[in-house]
Amino acid sequence: MELLEQRILSEGQVRPGNVLKVDCFLNHQLDVDLLDKLGQEFYRLYKGDGINKILTIEASGIAIACMTARYFNVPVVFAKKAKSKNIDGEVFTSTVHSFTYGKDYDITLSKKFLGPQDKVLILDDFLAVGKAMHGLLDVCAQAGAQVGGIGIAIEKGFQQGGDTLRAQGYKVSSLAIVDEMTDDGRLRFRPQ
Ligand code: 5GP
């Protein structure tokens, strides 16, 4: 998506450890008009796929998910990272290794909000090695929910997450794919 690539080029910052910082518009300060356009694009890509719920992970996925849900007119549910005890077995849970923080955390999602009746579009801001997505897919599998597609704002194509998911047969759509990123800030996008 040309518009997103332009914003990454003009405002993104490359940080050591293959981290791309886009907190001016995507995951700290939020450009709502841009997010709306991302939502519109996800709708165009998945509108024929019978999606009845959008699933994401807190915190950065939530804004993108909400803007997209306005187009689909479906609810958003997000996996929580906060510790939550599974005393009565009332939540699905999975362990995720964080790319940006380098440690493991648990995600939880109430069993009330995901089940076999759901066909979900999973959305997130970034896809790197795919650990967060793996946790969300695990939660869907536990719930018996069908995965209709995976939508990502920015995929780092030089890490294996996206290509692995495509090889597994998922319909993965990333609105910008960064194939190369150097410490001095040069970026190369995959032509789409
Ligand atoms: P993965 O689990 O695919 O390795 O990483 C995806 C998660 O890590 C995303 O939810 C995102 O929050 C975070 N992440 C991964 N790479 C980056 C990056 O380059 N920049 C930012 N801002 N977040 C990232």
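A quick note: this is a predicted structure, and the numbers were derived from the prediction, not measured. First listed ligand is number 1; within each ligand, the first listed atom is number 1.
Distance from atom 15 (C) of ligand 1 to its nearest protein heavy atom, with residue and atom name: Phe99 CD2, 3.5 Å. The protein heavy-atom contact nearest to atom 23 (N) of ligand 1 is Phe126 CD1, 3.5 Å. Closest to atom 20 (N) of ligand 1 among all protein heavy atoms lies Leu20 O, 2.7 Å. The protein heavy atom nearest to atom 5 (O) of ligand 1 is Ala128 CB, 3.7 Å. Scanning all protein heavy atoms for the shortest distance to atom 13 (C) of ligand 1 gives Thr100 OG1, 4.0 Å.
Annotation: Ala132 places an N or O atom under 3.5 Å from an N or O atom of ligand 1; distance criterion only. Looking at Lys21 next to ligand 1, no N or O pair under 3.5 Å apart turns up. Considering backbone and side-chain atoms together, Gly130 places an N or O closer than 3.5 Å to an N or O of ligand 1. In terms of polar-atom proximity, Val129 is counted as a contact of ligand 1, with an N or O under 3.5 Å from an N or O of the ligand. Taking any N or O of Leu127, backbone or side chain, none lies under 3.5 Å from an N or O belonging to ligand 1. Considering backbone and side-chain atoms together, Asp124 places an N or O closer than 3.5 Å to an N or O of ligand 1.
Counting only N and O atoms by type, the side chains of Lys156 and Gln159 include a donor and acceptor under 3.5 Å apart.
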Exercise for the section: Could you walk me through whether Thr95 and Tyr105 pass the side-chain contact (heavy atoms from CB on, under 4.5 Å) test, one step at a time? Expected result: CA-CA 6 Å; Thr95 302; Tyr105 60 92; over 6 Å; no
Practice task
Give the C-alpha distance, both sets of side-chain angles, the deciding distance and a yes or no for side-chain hydrogen bond (donor to acceptor under 3.5 Å, both in side chains) between Thr68 and Tyr46.
Solution key: CA-CA 11 Å; Thr68 308; Tyr46 292 99; over 6 Å; no
Exercise for the section: Report the C-alpha distance between Ile54 and Val120 in whole Å, list the side-chain angles of each, state the deciding distance to 0.1 Å, and finish with yes or no for side-chain contact (heavy atoms from CB on, under 4.5 Å). Expected result: CA-CA 5 Å; Ile54 292 178; Val120 299; over 6 Å; no
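Classification of Arg186 and Asp184 as a salt-bridged pair holds, one side-chain N sitting under 4.0 Å from a carboxylate O. In summary, Asp183 and Arg15 do not engage in a salt bridge, as defined by a charged side-chain N under 4.0 Å from a carboxylate O. In summary, Glu5 and Arg190 do not engage in a salt bridge, as defined by a charged side-chain N under 4.0 Å from a carboxylate O.
Residue Lys80 holds its NZ atom at 14.5 Å from CG of Asp106, rounded to the nearest 0.5 Å.
Within ligand 1, the atoms closer than 4.0 Å to a non-hydrogen atom of Asn27 are 22 (N), numbered from 1 in the order shown.
Residue contacts with ligand 1, taken as heavy atom pairs separated by less than 4.0 Å, involve Lys156 solely via side-chain atoms from C-beta onward. Contact annotation: for Asp125 versus ligand 1, heavy atoms closer than 4.0 Å belong to the side chain alone.
Put simply, the side chain of Ser110 gets close to the backbone of Lys112: a donor and an acceptor are under 3.5 Å apart. Not a single donor-acceptor pair under 3.5 Å links the side chain of Lys47 to the backbone N or O of Phe72.
Under the 4.0 angstrom criterion for non-hydrogen atoms, Asn18 is in contact with ligand 1. Residue contacts with ligand 1 do not include Gly161, since none of its heavy atoms lies under 4.0 Å from the ligand.
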